[in-house]
Amino acid sequence: MFQKRISFKGKDYSQQCQLLFSLAKLTFFVVVLSSVLPHADAFDPLDPFGNITIKWDVMSWTPDGYVAVVTMNNFQMYRHIMSPGWTLGWNWPKKEVIWSIVGSQTTEQGDCSKFKGNVPHCCKRDPVLVDLLPGVPYNQQFSNCCKGGVLASWGEDPSESVSSFQISVGLAGTSNKTVKLPKNFTLLGPGPGYTCGPAKIVPSTVFLSADHRRKTQALMTWNVTCTYSQFLSSKYPSCCVSLSTFYNDTITPCPSCACGCNHKHNCIMGDSEKLKRKGINTPRKDNEPLLQCTHHMCPIRVHWHVKLNYKDYWRVKIAITNFNYRQNHTHWTLVAQHPNLNNVTQVFSFDYKPLVPYQSINDTGMFYGMKFYNDLLMEAGPLGNVQSEVLMQKDKNTFTLKSGWGFPQRVYFNGDECKLPPPDSYPILPSSAEKGPFSFSSTAIYTILMIFLTW
């Protein structure tokens with residue numbers, strides 16, 4: 001209720017104007033917010049601070065430029081960069097060239113015809129760099145390089161979530177005031193989805209000597225931050241979820257065409273003779289998938305099965321199946337959001353780590369494969385699946401299997417959100433079924449049968 005009556009007379013007129021102005025500001029804010037939010041797809045509520053940060057540290061000056069160490073840190077908790085690895089590009093602001101690179105290489109050299117004697121490694125105005133493959137000669141290696149561009153997620157293995165290389169830039173500035181920062185950074189990981197901001201100068205990086213008794217620092221440092229958007233990566237999801245329980249014989253499958261049916265005409269049946277051809281599992285340069293024919297047409301299916309219900313605990317079985325004949329998944333991750341993940345007692349066959357993006361809520365967990373055991377999800381086929389079981393302690397104040405409580409609210413595979421079945425199709429408890437139409441039909445049939453037998 002209003003404490004004061006607002007009118008158009010006397011001193012109340014100013015209050016009316018102030019109220020109208022406030023309403024106008026609020027309307028303007030709502031319009032701007034509604035126009036911005038549909039494009040703000042890079043925000044991940046389960047990993048709000050996740051990003052890939054690219055840091056340039058200028059280590060020394062050269063007669064015509066500088067030598068810099070470029071470090072790429074994957075600070076995403078459960079999203080990694082898998083094979084064929086990252087691709088990094090940018091635009092030079094002037095006429096810079098790359099004299100040499102250690103730990104990486106450009107995909108093209110460009111036109112270096114104007115140089116006589118020493119020829120630069122790359123003369124393109126928009127160079128594109130990739131990581132070196134494992135096993136390159138020692139003199140071409142740099143620390144944290146040569147992994148084929150594969151970066152683990154920060155939550156799985158921080159030591160494997162870093163990649164770096166050393167670059168010598170020529171025809172550039174030779175001081176902090178004359179160096180121009182590269183522009184228009186692009187990052188593929190390995191496909192689209194990442195959006196990079198502009199380079200920003202930050203305080204110089206400090207380095208410690210081996211004995212930790214001396215500090216040195218970079219001559220100049222700038223950062224570039226890249227964030228991921230699933231909407232930019234693909235129009236459709238890349239995985240789906242199916243559900244089942246011990247108390248209901250019905251299996252809720254993935255929704256039809258959950259990942260789009262673009263590849264339905266090029267899919268292969270699981271028992272097709274084509275699978276015996278040589279090279280069927282060879283990946284293509286354009287990463288075009290070869291899927292097994294299914295009603296959902298998803299490369300990955302996650303099955304969540306409520307297996308057992310004990311007095312103080314309950315058990316869930318999780319199975320991940322790969323339906324892509326041309327791609328396996330190294331360093332795979334599975335993220336689930338469920339209210340009872342705050343009481344995980346034991347996880348079998350998978351490694352587990354709770355994710356707490358908001359300190360007051362602990363309902364999200366990350367599952368990933370055990371090293372040298374099942375951290376590699378093979379291509380589609382008999383070996384193209386991994387599975388585990390999770391034992392959770394019941395919270396007697398909140399535990400119930402009614403209304404789909406036993407199923408996850410969100411599921412992510414390799415950082416992409418999976419398509420869940422509609423809630424009204426979830427397996428229901430038998431007690432709920434007794435109130436349905438089938439119970440009435442059974443009763444009616446039984447009554448008619450008794451009348452018929454006694455007639």
Side-chain angles (χ1 to χ4, degrees), residues 51-75 86-132 139-146 149 151 162-189 194-209 214-227:
N51 66 74
I52 291 181
T53 300
I54 305 166
K55 182 178 65 172
W56 290 57
D57 291 313
V58 177
M59 306 303 296
S60 62
W61 303 113
T62 61
D64 67 339
Y66 57 88
V67 175
V69 173
V70 182
T71 305
M72 187 182 303
N73 287 279
N74 183 11
F75 292 121
W86 56 262
T87 301
L88 179 64
W90 63 80
N91 290 94
W92 291 119
K94 298 189 291 185
K95 296 182 179 181
E96 293 90 340
V97 296
I98 301 175
W99 281 113
S100 62
I101 300 181
V102 181
S104 180
Q105 64 181 1
T106 59
T107 56
E108 297 182 47
Q109 183 185 33
D111 183 9
C112 296
S113 58
K114 66 179 181 179
F115 291 91
K116 298 179 181 179
N118 292 333
V119 178
H121 178 83
C122 179
C123 300
K124 289 181 66 69
R125 295 293 304 276
D126 53 347
V128 176
L129 280 70
V130 293
D131 193 14
L132 298 180
N139 60 353
Q140 298 179 23
Q141 296 183 21
F142 196 74
S143 60
N144 296 312
C145 85
C146 314
L151 285 180
V162 184
S163 182
S164 59
F165 56 89
Q166 181 177 275
I167 182 172
S168 178
V169 182
L171 303 183
T174 57
S175 69
N176 292 22
K177 295 183 179 180
T178 57
V179 167
K180 299 295 183 182
L181 308 188
K183 301 183 297 183
N184 303 328
F185 280 85
T186 58
L187 176 65
L188 299 178
Y194 285 94
T195 303
C196 299
K200 296 181 180 180
I201 297 177
V202 296
S204 297
T205 304
V206 176
F207 305 96
L208 288 174
S209 60
R214 172 177 165 78
K215 291 182 180 180
T216 59
Q217 67 180 46
L219 305 177
M220 187 178 183
T221 300
W222 60 82
N223 282 354
V224 178
T225 302
C226 303
T227 54

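Being a predicted model, the structure only gives us computed values, none of them experimental.
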Close side-chain approach of V67 to S60, heavy-atom, < 4.5 Å
yes
F142 and V70, any side-chain heavy atoms less than 4.5 Å apart
no
With side chains defined as the heavy atoms from C-beta onward, is the minimum distance between P203 and T221 less than 4.5 Å?
no
Using the ring of each side chain (for Trp, its six-membered ring), is W86 parallel, tilted or perpendicular to F165, with breaks at 30° and 60°?
parallel
Are any side-chain N or O atoms of S209 and backbone N or O atoms of R214, one a donor and one an acceptor, separated by less than 3.5 Å?
yes
Residue K94 excluded, over 12 heavy atoms near NZ under 6.0 Å:
yes
Any non-hydrogen side-chain atom of S164 less than 4.5 Å from a side-chain atom of S143?
yes
Residues forming a ring pair (Phe, Tyr, Trp, His ring centres under 6.0 Å) with W61, sequence neighbours excluded
none
Going by the rule side chain to side chain contact (heavy atoms under 4.5 Å, CB included), which residues pair with T107 if we only count those two or more places apart in sequence or in a different chain?
V128, V130
Pick from C123, S104, P120, P127: which one makes a side chain to side chain contact (heavy atoms under 4.5 Å, CB included) with I98?
P127
Between V58 and V179, is any pair of side-chain heavy atoms under 4.5 Å apart?
no
Run the numbers on T71 and N73 for side chain to side chain donor-acceptor pair (under 3.5 Å), then give the verdict.
CA-CA 6 Å; T71 305; N73 287 279; 5.5 Å; no
Is there a donor-acceptor pair closer than 3.5 Å between any side-chain N or O of T205 and the backbone N or O of A218?
no
Measure up the W90 and F185 rings against each other and bin them: parallel (under 30°), tilted (30 to 60°), perpendicular (over 60°).
tilted
